[in-house]
Enquirer: 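Encoded as structure tokens, here's the structure I'll be asking about.
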Amino acid sequence: MLSNGSHQNVSASGDTSGPGQGWSNGALAPQLFPVTQQGRLQLYGSQRRWIGLQSGWTRIGAGQTELDAVHSRSQGTGILDRNDAEQAQAARSLIAQLCETFYRQGWATGTGGGVSIRVGGPSQNRPWRVFVAPSGIQKEDMIGDDVFELDMDRKVIVPPRTPNLRQSACTPLWYVVYKYRPTATCVIHTHSMHAQMATLLDPTETAQTLNVTHLEMLKGVGNHAYDDVLEIPIIDNRPSEDQLATQLQAAIQAYPKSNAVLVRRHGLYVWGDSWEQAKTQCESFDYLFQSAVQMKAMGIDSGLKPLQGTYREGEDKEDLVEKTVDEPPLKKLKTTGFHGLQAANNHRDVVANAVPILPRDAKILLLDIEGCTTSISFVKDRLFPYVRERLDSYLQEHVAASDKYQQLAKALAGEADAHSDSPVAGTIRQDVAGMVRYMMDRDFKSATLKALQGDIWKTGYARGELKGHIYSDFVPTCQWMQRHGVRVYIYSSGSVAAQKLLFGNSTEGDLLPYLSGHFDIPTAGPKKEAGSYTAIAQTLQVAPSAIVFCSDAEAELVAAREAGIGYPVMSVRPGNVPLSAEGRELPAIYSLLQLCGE
């Protein structure tokens, strides 16, 4: 047990029985050691006292340079070993000073936020002691006498000297972190405005993570380098903070690389293996949150890797050389274009690659599915494997005992021959399951195959085994389009029936009322042929120039442009295929909401 003397209050008269002196009940007493004249522990200067300075995360690629060498001693007295009383004093004082520091940052206004530090443990051959900030106290006024000392069972070992204080409502959450991050010795909770606003970047408020990549301060949050993708879990707020414990536990376990969890419309929990590490990470996370919010205002998604203009392993050095471009009537410019293709005239970039605004530029929005409304991984990793898993049982139940089996095999073989330079081997031609797997392996766009897949998916949706993935920006985009008289259509290589299954049984519910119609290969033609887009315009009884077509596939957008589609737009989503130079010539959007205008 840590000594009660570690936080004893000594008044001017020598009385040690009174409460702690704070903002609301008197002048600060210099009872803490080492202290400034105001009674605060010194963090800096010749009297600096650290807790756990030797703890810290390893650099990415550690051990490869001389910068990874650790020096455990200084030219002075070396590392200071503390006894129980000194560590208790230091922990109490640090919590008070950190809370004041965070108040000055605007992260702990109105008594909000808090800090917990724990010391001891098996490495020190003594029990853990957990120090927690109190509830409802002005954070800039805290002193060491306000802090609770608990054990790992949340039993109060030493109460505050200051009377009438309660433990922070964050206390159960700090213990969740200590349980599921056993090396953590400090947890910080802030009500930073940047953290709160970062949880609202998803307009539907359903996003489970905030993603950030290619920012220098990623190095400050632990476990990540500049070009890694940081996923910070987001949990929903509750009326009382202690009710967040179960969600916090799940988030910590689901995202082992993250040293923080965001609470929507609330703030941030962050932890570290030392208080220094926790403070560093807290400041770094806040910088990243501010960056993400401001990037969103600029139309940039903080979670996407830059298309150009940043370091890439193995990149041709010649690509990095700036060139001079003539662009009459403007004079020669030596600069980098907005899309980072090469040295370019910015004016040309703006004019050539402007993102269309609806309904100003058009009143027809034609959308692809994969990589546009729905993640490619859902189709490739969920829908297609579902067909493979259920194929044999489906054929046995619905097709095998009828004449339809041979008709189906013949149709599949004929369409496969049309997609290949050589006919399908004869041993497979009479086997429906074999033909299906053969064509799926080669990504053949076959109407018969799509129809069969649709039938199998229909069963999965009906059983509740499948739910169509929809990006979070799709519903608010459709709602906006409805309010402004813009008609939304789907054009996919998947059959119309499969499209309706996906949107009618989505994770967002039945979305079919938002859609004015559907097109597929049988109704419009192949997506890489210009004539298909001409056919769609004729069906809709509008000029091709009145249509905005959004897709992740360059070949489709090029075909649409050849057909006179007014606005082919590249959809850039996580996991989409990297763009070529031709693809980067097209206007790109990172969210469908970028199409919503005046």
Enquirer: Give a yes or no on this: more than 12 heavy atoms of other residues, nucleotides or ligands lie within 6.0 Å of atom OH of Tyr386.
Expert: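 It does: Tyr386 OH has more than 12 such atoms within range.
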Enquirer: Shortest non-hydrogen contact from Ala530 to Ala563?
Expert: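 Minimum heavy-atom separation between Ala530 and Ala563: O-CB, 3.2 Å.
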Enquirer: Ignoring hydrogens, what is the shortest heavy-atom contact between Ile470 and Ser506? Give both atom names and the distance.
Expert: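 Looking at all heavy atoms of both residues, the closest pair is CG1-CB, 3.6 Å.
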Enquirer: Give the C-alpha distance, both sets of side-chain angles, the deciding distance and a yes or no for side chain to side chain contact (heavy atoms under 4.5 Å, CB included) between Tyr269 and Leu173.
Expert: CA-CA 9 Å; Tyr269 283 87; Leu173 306 183; 2.9 Å; yes
Enquirer: Look at the aromatic rings of Phe285 and Phe289 and report parallel, tilted or perpendicular, splitting at 30° and 60°.
Expert: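 Parallel: the ring planes of Phe285 and Phe289 meet at under 30°.
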Enquirer: Please check if the number of heavy atoms outside Glu465 that lie under 6.0 Å from its CD is greater than 12.
Expert: yes
Enquirer: Kindly compute the distance separating CG (Asp236) from CZ (Arg264), expressed to the nearest 0.5 Å.
Expert: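 That separation rounds to 4.5 Å.
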Enquirer: Identify the two heavy atoms, one from Thr539 and one from Phe519, that lie closest to each other, and give their separation to 0.1 Å.
Expert: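 Heavy-atom minimum between the residues: CG2-CE2, 3.9 Å.
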Enquirer: Within a radius of less than 6.0 Å around NZ of Lys257, do more than 12 heavy atoms belonging to other residues, nucleotides or ligands occur?
Expert: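 Buried by this count: over 12 neighbours within 6.0 Å.
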Enquirer: Decide, yes or no, whether a salt bridge links Lys527 with Glu556 under the criterion of side-chain N to carboxylate O below 4.0 Å.
Expert: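 Glu556 and Lys527: salt-bridged.
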Enquirer: Out of the candidates Asp473, Asp202, Leu201, Thr477, only one should pair with Ser591 under the side-chain contact (heavy atoms from CB on, under 4.5 Å) rule; please name it.
Expert: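 Looking at Asp473, Asp202, Leu201, Thr477, the match for Ser591 under the side-chain contact (heavy atoms from CB on, under 4.5 Å) is Asp473.
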Enquirer: Are Arg238 and Glu241 within salt-bridge range, i.e. N to O under 4.0 Å?
Expert: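 A salt bridge is absent here (no side-chain N lies under 4.0 Å from a carboxylate O).
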Enquirer: Mind checking the CG-SG spacing from Asn259 to Cys282? Nearest 0.5 Å is all I need.
Expert: 12.0 Å
Enquirer: With sequence neighbours left out, write down each residue that passes side-chain contact (heavy atoms from CB on, under 4.5 Å) with Pro182, or none if nothing qualifies.
Expert: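 side-chain contact (heavy atoms from CB on, under 4.5 Å) check on Pro182 returns nothing, list empty.
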Enquirer: Can you label the angle between the Tyr175 ring and the Tyr178 ring as parallel, tilted or perpendicular, going by 30° and 60°?
Expert: perpendicular
Enquirer: Ring centres of Tyr567 and Phe549 under 6.0 Å apart?
Expert: no
Enquirer: Distance from Lys380 atom NZ to Leu383 atom CG, nearest 0.5 Å?
Expert: 12.5 Å
Enquirer: Does a salt bridge link Asp392 with Arg437, judged by any charged N lying under 4.0 Å from a carboxylate O?
Expert: yes
Enquirer: In sequence, state the C-alpha distance, the side-chain angles, and the governing distance for Tyr180 and Gln253, and then conclude on side-chain hydrogen bond (donor to acceptor under 3.5 Å, both in side chains).
Expert: CA-CA 7 Å; Tyr180 293 98; Gln253 292 177 303; 4.8 Å; no
Enquirer: Kindly assign one of parallel, tilted or perpendicular to the pair Phe378 and His469, based on the angle between their ring planes and the thresholds 30° and 60°.
Expert: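 If you compare the ring of Phe378 with that of His469, the planes turn out tilted.
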Enquirer: What are the two closest heavy atoms between Ile589 and Cys550, and how far apart are they?
Expert: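 Closest approach of Ile589 to Cys550: CD1-SG, 3.8 Å.
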Enquirer: Could you walk me through whether Ser375 and Ser377 pass side-chain hydrogen bond (donor to acceptor under 3.5 Å, both in side chains), step by step?
Expert: CA-CA 5 Å; Ser375 69; Ser377 62; 3.2 Å; yes
Enquirer: Specify the closest pair of heavy atoms between Pro513 and Gln482, including all atoms of both residues, with the distance to one decimal.
Expert: O-NE2, 3.3 Å
Enquirer: Ring centroid separation for Tyr489 and His518, is it under 6.0 angstrom?
Expert: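 Here the rings of His518 and Tyr489 have centres that are no less than 6.0 Å from each other.
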Enquirer: On a heavy-atom basis, which atom in Asp228 and which in Thr213 lie closest, and how many Å separate them?
Expert: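 The answer is O-OG1, 2.8 Å.
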Enquirer: Arg265: what forms a side-chain contact (heavy atoms from CB on, under 4.5 Å) with it, not counting sequence neighbours?
Expert: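 Once residues adjacent in sequence are excluded, the partners of Arg265 under the side-chain contact (heavy atoms from CB on, under 4.5 Å) criterion are Leu200, Glu205.
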Enquirer: Checking Val270 against Val187 for the side chain to side chain contact (heavy atoms under 4.5 Å, CB included) test, could you report, in this order, the C-alpha distance in whole Å, the side-chain angles of both residues, the deciding distance, and whether it holds?
Expert: CA-CA 6 Å; Val270 59; Val187 188; over 6 Å; no
Enquirer: Are the aromatic ring centres of Phe474 and Phe503 under 6.0 angstrom apart?
Expert: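 Yes; Phe503 has its ring centre under 6.0 Å from that of Phe474.
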Enquirer: Can you tell me how far CG of Leu288 sits from NE2 of His194, rounded to the nearest 0.5 angstrom?
Expert: 12.0 Å
